[in-house]
Protein chains: 2
Amino acid sequence: MISIILADDHAIMRGGLKQLFTLTEDIVVAAEAQTGQELLDLLQEIDIKLVLLDLTMPGGGIDLISQLRTLYVDLPVLVLSMHNELQTISRSLKAGASGYLTKDNDPETLLLAIRKVANGGRYIDPKTAEKLVFESDNSQQKSLYEKLSVREMQILQLLASGKSVNEIGHELAISNKTVSTHKARLFEKLELNNNAELIRYYDAQDLKQ
Amino acid sequence: MISIILADDHAIMRGGLKQLFTLTEDIVVAAEAQTGQELLDLLQEIDIKLVLLDLTMPGGGIDLISQLRTLYVDLPVLVLSMHNELQTISRSLKAGASGYLTKDNDPETLLLAIRKVANGGRYIDPKTAEKLVFESDNSQQKSLYEKLSVREMQILQLLASGKSVNEIGHELAISNKTVSTHKARLFEKLELNNNAELIRYYDAQDLKQ
DNA sequence: CAAGCGTGTAGGAATATCCCTACACTGAAA
DNA sequence: TTTCAGTGTAGGGATATTCCTACACGCTTG
């Protein structure tokens, strides 16, 4: 029996997944988390076999994977994401995720991946696995977006959501000066000159996904 | 019996939703589409009561809603989205969607929304509906723009172009403090909370004209 | 292994911006 | 006619942000 935690902030998605798992004999949802913190809290209380993690939830970035990997060395983390940005996939795996698949896969594939990962295996979407290998070779023409570090990307998202430098500093528990530095660096990398451009750049990127 | 088409490019999401609907007596999934085109093709073949549409799928933007509205006047479209950007919601509804809810709602809410919309009603997430009232009410009549004084409008345009308060003060040969006052007033009038919202508001207005 | 680049982190000083308040002027309402 | 709301203008003080600089760490790369 594979007991899992659903870590996804979309209740409808969780609801659907739970229903999906009722069709199986061997997979059961032990708990659900809507934020990274909630997930960490839950893990202290209950014992499960696998975390099914949506990266886009609040407090659910790459860092969370690293934390999980540190705190629970043997706990497999399967990332379930909407994005198939190679960058994100690659970073997730480096951070210690046992698998990665996008939500456009068949439900059967998800079940397969869960079983494989729960048994200590790894699962990566074959289509993207191939690209990953390919990409690492000719990482020449990276889009500006891909030049950003994880932290910078995070700051970008928070800025684009309308948060101030101070608010972000507080939220991430770092100095506002630090946030400002990150901001300056991502301005340089993205060749932006002001906040208006940042918002428009972000929205434009967002549409591409 | 409410027969629906699931239009979402995420197979896992569709799989989950389908399972969810098996719990109900009255909702049945007649078909699934992964792209806008696929949806349009399917609609020519089969007769259904409602389209459950994920805006983020390929070929699944606001335009698609307009098309559906033109081709099938009475077919209700319920938008299921991850984003709760006011703009997107507002535009969807203007384009003719019968309802809008985000994926972080309860599954029960989704069922409720489907039933309501299938019966000719409308459904909008209560949290966001409230915010929308201002926007839609005012934009129907006065287009918030018109509440702004000439000077405020000018400042808005300059801010949206990426100029700083100081730059604007210099350009208009008035104190930066004055510019700041104008800015504060237009923020209040437009019910904006930060620069990001200003940019998005301005761009949205721009599209309307 | 040494050197160097990228990254995450800040401090101090300089600016920029906001917040609250104020005042004069204009046109509309009472 | 008086009153009042809306507007364009700022000042002073409080905050926020930037700019420049720095440093430690980890990961390449010669």
Side-chain angles (χ1 to χ4, degrees), chain A residues 59 61-67 69-70 87-88 90-91 93-96 135-140 142-199, chain B residues 138 142 144-199:
Chain A
I62 310 277
D63 289 347
L64 182 58
I65 301 179
S66 308
Q67 282 180 59
R69 181 58 55 247
T70 312
Q87 197 76 1
T88 314
S90 166
R91 284 182 180 156
L93 296 175
K94 272 186 192 141
E135 167 77 6
S136 55
D137 284 327
N138 63 343
S139 53
Q140 280 287 341
K142 287 183 175 179
S143 89
L144 294 178
Y145 200 63
E146 290 171 353
K147 288 186 181 170
L148 300 185
S149 71
V150 173
R151 199 57 149 178
E152 284 158 356
M153 193 103 68
Q154 187 180 20
I155 303 287
L156 168 61
Q157 286 165 348
L158 291 167
L159 285 171
S161 79
K163 296 204 167 79
S164 74
V165 168
N166 264 344
E167 285 168 340
I168 295 172
H170 189 257
E171 189 169 319
L172 301 181
I174 57 180
S175 163
N176 54 354
K177 307 297 186 80
T178 305
V179 177
S180 190
T181 302
H182 287 307
K183 183 176 175 182
R185 284 180 187 159
L186 69 86
F187 262 54
E188 190 179 358
K189 288 185 183 178
L190 301 179
E191 298 173 3
L192 302 171
N193 298 298
N194 53 58
N195 292 303
E197 288 183 5
L198 180 139
I199 301 300
Chain B
N138 290 322
K142 293 210 169 183
L144 280 193
Y145 249 161
E146 292 174 24
K147 285 193 165 183
L148 300 185
S149 71
V150 175
R151 201 56 148 174
E152 284 159 357
M153 189 100 69
Q154 187 180 21
I155 303 287
L156 168 61
Q157 286 165 348
L158 291 167
L159 285 171
S161 80
K163 295 205 167 77
S164 74
V165 169
N166 266 342
E167 285 167 340
I168 295 172
H170 188 256
E171 190 169 319
L172 301 181
I174 56 180
S175 163
N176 54 355
K177 305 297 185 82
T178 305
V179 178
S180 189
T181 303
H182 287 308
K183 182 176 176 183
R185 285 180 186 160
L186 70 87
F187 262 55
E188 192 181 358
K189 287 185 182 177
L190 302 180
E191 299 183 351
L192 303 171
N193 298 299
N194 53 57
N195 292 304
E197 288 182 6
L198 180 140
I199 302 299

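Every chain is numbered from 1, with letters handed out A, B, ... down the list of sequences. When reading the values below, keep in mind they use all heavy atoms of this one structure, side chains included, and skip hydrogens, waters and symmetry mates.
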Inset, instruction - Please report, rounded to the nearest Å, how far the C1' atom of dT7(D) is from the CD1 atom of Ile155(B). - result: 12 Å
Legend entry - Side chain of Glu152(A) (C-beta onward), nearest among dT9(D), dA16(D), dG8(C): dG8(C)
Inset, instruction - Would you please confirm or rule out a distance under 4.0 Å between OP1 or OP2 of dT7(C) and any side-chain N or O of His182(A)? - result: no
Legend entry - Asn166(A) side chain near dA16(D) phosphate (N/O to OP1/OP2, under 4.0 Å): yes
Inset, instruction - Check the distance between dA16(D)'s P and Asn194(B)'s CG and give it to me in whole angstrom. - result: 15 Å
Legend entry - Arg185(A) side chain, from C-beta outward: closest of dA16(D), dG8(C), dG8(D): dG8(C)
Inset, instruction - Mind checking the CG-OG1 spacing from Leu172(A) to Thr178(A)? Nearest 0.5 Å is all I need. - result: 10.0 Å
Legend entry - Euclidean distance, atom CG of residue Asn195(A) to atom P of dA16(D) [Å, nearest integer]: 16 Å
Inset, instruction - Measure from CD1 on Ile174(B) to C1' on dA24(C) and round the result to the nearest Å. - result: 16 Å
Inset, instruction - Salt-bridge test for Arg185(A) and Glu152(A): reply yes if a basic N is under 4.0 Å from a carboxylate O, no otherwise. - result: no
Inset, instruction - Give Thr178(A) one of three labels, base, sugar-phosphate or nothing, depending on what nucleic acid heavy atoms sit under 4.0 Å from its own. - result: base
Legend entry - Distance below 4.0 Å between Lys183(B) side-chain N/O and dT9(D) OP1 or OP2: no
Legend entry - Within-4.5 Å side-chain heavy-atom neighbours: Leu186(B) and Leu198(B): yes
Inset, instruction - Measure from CG on Leu172(A) to P on dA10(C) and round the result to the nearest Å. - result: 10 Å
Legend entry - Protein-nucleotide distance (His170(B), atom NE2; dT17(C), atom C1'), rounded to Å: 18 Å
Legend entry - Under-3.5 Å donor-acceptor pair between Arg151(A) side chain and dG6(C) base: no
Legend entry - Earlier contact from the 5' end, DNA chain D, for Val165(A) and Thr181(A): Val165(A)
Legend entry - Shortest side-chain distance from Lys177(A), nucleotide among dT17(C), dA22(D), dA13(C): dA13(C)
Inset, instruction - Round to the nearest Å and state the distance from Leu158(B) atom CG to dT17(C) atom P. - result: 13 Å
Legend entry - Heavy-atom donor-acceptor pair, Ser180(B) side chain to Lys177(B) backbone, under 3.5 Å: no
Inset, instruction - Using a 4.5 Å cut-off on heavy atoms from C-beta on, say whether the side chain of Arg151(A) contacts that of Ile174(A). - result: yes
Inset, instruction - Under 4.0 Å between any heavy atoms, over every strand shown, what does Ser175(A) touch: base, sugar-phosphate, or nothing? Just pick one. - result: sugar-phosphate
Inset, instruction - Please report, rounded to the nearest Å, how far the C1' atom of dC19(D) is from the CZ atom of Phe187(A). - result: 14 Å
